Student: 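Sharing a structure, written as structure tokens. Questions coming.
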Amino acid sequence: MSTPILWTSTFSSGSIAHQVAMVSGVPFEARFVSIRAGDTRRPDYLAMNPKGEVPALQLPDGTVITEIPAILCWFAEAAPEAGLLPRDATGRAKGLEWLAWCHWTMGRSFSAAFNPRILAGDDQAAQQAVRAHATGGAAQALAFADAAVAKAGGTLLGTAQPTAPDIFLAALVAFGGFLKLDAVALTNLAALQARVAAMPGVAAATAAEQARG
Ligand SMILES: N[C@@H](CCC(=O)N[C@@H](CS)C(=O)NCC(=O)O)C(=O)O
């Protein structure tokens, strides 16, 4: 293996890593697995990533990096000229702050809204309560991010071009669409999402995932 392998799944949280990897310009091979078909539970996959999740980044030296913020940081470091994270200490820390926020928000609100079973178990009434509460949390989080983007002048970090945290946030906006949240009403996020979608690397990643069906 001479290039990193990004293990991912179409239109999942792995898409965030796929998009950032494409924007970085770093050569890598995307390998798609099907969560629904149980690929992430197979012994060969678990041997590579015992968490049984996508995304996972397998480096040529055998190192496997998991967790979206860590994978995004690896691509940002590997291609500093791509502008995925600021280079100065403060800007970089603020970038990590937003990556952590997006990740935490995805876990506590979006993932719980999509799959309330992770918190409620098999109890149907508890699932309904978790789904309703988590969906409200997702809506609140998007409103918070919309205000932050407005304050910073169009991107989370006030940069001229969207950075890795903006790509993560745009994915949360898309997930919000699946939850039927009215993110379009959040005009700053809608504008940011359109800018992120138009980035050549992001557009290429989306097209590659669409082509797989
Ligand atoms: N902590 C993980 C979360 C990623 C995640 O939620 N992955 C889901 C897909 S969206 C997954 O792989 N699920 C596998 C399964 O449900 O079996 C990360 O940040 O990479």
Side-chain angles (χ1 to χ4, degrees), residues 4-24 26 28-59 63-78 84-85 95-122 127 130-131 134-135 137-138 141-142 145 156 163-181 183 196 202 205-206 208-210 212-213:
I5 297 171
L6 180 65
W7 296 90
T8 185
S9 184
T10 53
F11 302 106
S12 69
S13 60
S15 305
I16 302 160
H18 187 202
Q19 291 172 3
V20 167
M22 291 295 283
V23 171
S24 78
V26 173
F28 72 100
E29 180 193 340
R31 283 203 198 159
F32 291 91
V33 296
S34 167
I35 297 169
R36 196 172 298 173
D39 293 346
T40 49
R41 300 275 149 215
R42 295 193 205 289
D44 52 346
Y45 192 85
L46 290 171
M48 184 277 300
N49 178 10
K51 290 176 179 169
E53 292 178 336
V54 291
L57 180 65
Q58 190 174 16
L59 300 180
T63 305
V64 175
I65 301 171
T66 63
E67 304 300 332
I68 294 165
I71 294 172
L72 302 197
C73 281
W74 188 88
F75 281 105
E77 286 287 337
L84 284 160
L85 280 176
L96 293 178
E97 177 186 307
W98 277 112
L99 288 180
W101 181 87
C102 287
H103 197 232
W104 165 237
T105 298
M106 185 180 84
R108 81 167 160 174
S109 297
F110 287 86
S111 300
F114 283 120
N115 185 11
R117 222 164 169 273
I118 56 180
L119 291 178
D122 290 332
Q127 282 183 18
V130 165
R131 180 175 282 121
T135 302
L142 291 184
L156 281 171
T163 60
D166 294 309
I167 295 171
F168 202 150
L169 177 57
L172 296 184
V173 176
F175 296 161
F178 291 120
L179 291 175
K180 309 258 184 290
L181 301 182
V196 167
V202 172
T206 304
E209 295 195 16
Q210 275 165 349
R212 298 188 67 86

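If you're wondering where the values come from, they're calculated on a predicted model, not measured in any experiment. In listed order, ligands and their atoms are each counted from 1.
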Student: Among Glu53, Gln58, Glu29, exactly one meets side-chain hydrogen bond (donor to acceptor under 3.5 Å, both in side chains) together with Trp7. Which residue is that?
Tutor: Gln58
Student: With heavy atoms under 4.0 Å as the rule, classify the contact between Thr40 and ligand 1 as side chain, backbone, both or neither.
Tutor: side chain
Student: Applying a heavy-atom cut-off of 4.0 Å, say which part of Lys51 lies close to ligand 1: side chain, backbone, both or neither.
Tutor: neither
Student: Out of Ala17, Pro69, Ser13, Gly107, who gets a non-hydrogen atom closest to atom 6 (O) of ligand 1?
Tutor: Ser13
Student: Take Phe75 and Val26 through the side chain to side chain contact (heavy atoms under 4.5 Å, CB included) test and state the conclusion after the steps.
Tutor: CA-CA 7 Å; Phe75 281 105; Val26 173; 4.1 Å; yes
Student: Of all the heavy-atom pairs spanning Ala138 and Ser109, show the shortest one and how long it is.
Tutor: N-CB, 3.6 Å
Student: Do any nitrogen or oxygen atoms of Met106 come within less than 3.5 Å of a nitrogen or oxygen of ligand 1?
Tutor: no
Student: Under the side chain to side chain contact (heavy atoms under 4.5 Å, CB included) criterion, do Trp74 and Leu59 qualify, and how do the steps go?
Tutor: CA-CA 10 Å; Trp74 188 88; Leu59 300 180; 3.6 Å; yes
Student: Going from CG on Leu142 to OG1 on Thr105, what distance comes out if it is rounded to the nearest 0.5 angstrom?
Tutor: 8.5 Å
Student: If you apply the rule side chain to side chain contact (heavy atoms under 4.5 Å, CB included), what do you find for Val202 with Met22, and how did you get there?
Tutor: CA-CA 7 Å; Val202 172; Met22 291 295 283; over 6 Å; no
Student: Please report which non-hydrogen protein atom sits nearest to atom 1 (N) of ligand 1, along with the residue it belongs to and the distance in Å to one decimal place.
Tutor: Glu67 OE1, 2.6 Å
Student: Give me the residue, atom name and distance of the protein heavy atom closest to atom 2 (C) of ligand 1.
Tutor: Glu53 OE1, 3.1 Å
Student: What is the closest protein heavy atom to atom 7 (N) of ligand 1, and at what distance does it sit?
Tutor: Val54 O, 2.9 Å
Student: When you measure from atom 14 (C) of ligand 1 to every protein heavy atom, which one gives the shortest distance, and what is it?
Tutor: Gly52 O, 3.5 Å
Student: What atoms of ligand 1 come within less than 4.0 Å of a heavy atom belonging to Pro55?
Tutor: 20 (O)
Student: For Ser111, is the nearest heavy atom under 4.0 Å from an atom of ligand 1?
Tutor: no
Student: Under 4.0 Å from any heavy atom of His103, which atoms of ligand 1 are there?
Tutor: 1 (N), 18 (C), 19 (O)
Student: In this structure, does ligand 1 have an atom that sits under 4.0 Å from one of the heavy atoms of Ile35?
Tutor: yes
Student: List every atom of ligand 1 that sits less than 4.0 Å from any heavy atom of Arg41, numbering the atoms from 1 in the order shown and giving each element.
Tutor: 15 (C), 17 (O)
Student: Check whether the ring centres of Trp98 and Trp101 lie less than 6.0 Å apart, and answer yes or no.
Tutor: yes
Student: Just do the side chain to side chain contact (heavy atoms under 4.5 Å, CB included) check on Leu72 and Leu84 with the steps written out, would you?
Tutor: CA-CA 8 Å; Leu72 302 197; Leu84 284 160; over 6 Å; no
Student: Can you name the closest pair of heavy atoms from Val130 and Ala120 and give their distance?
Tutor: CG2-CB, 4.0 Å
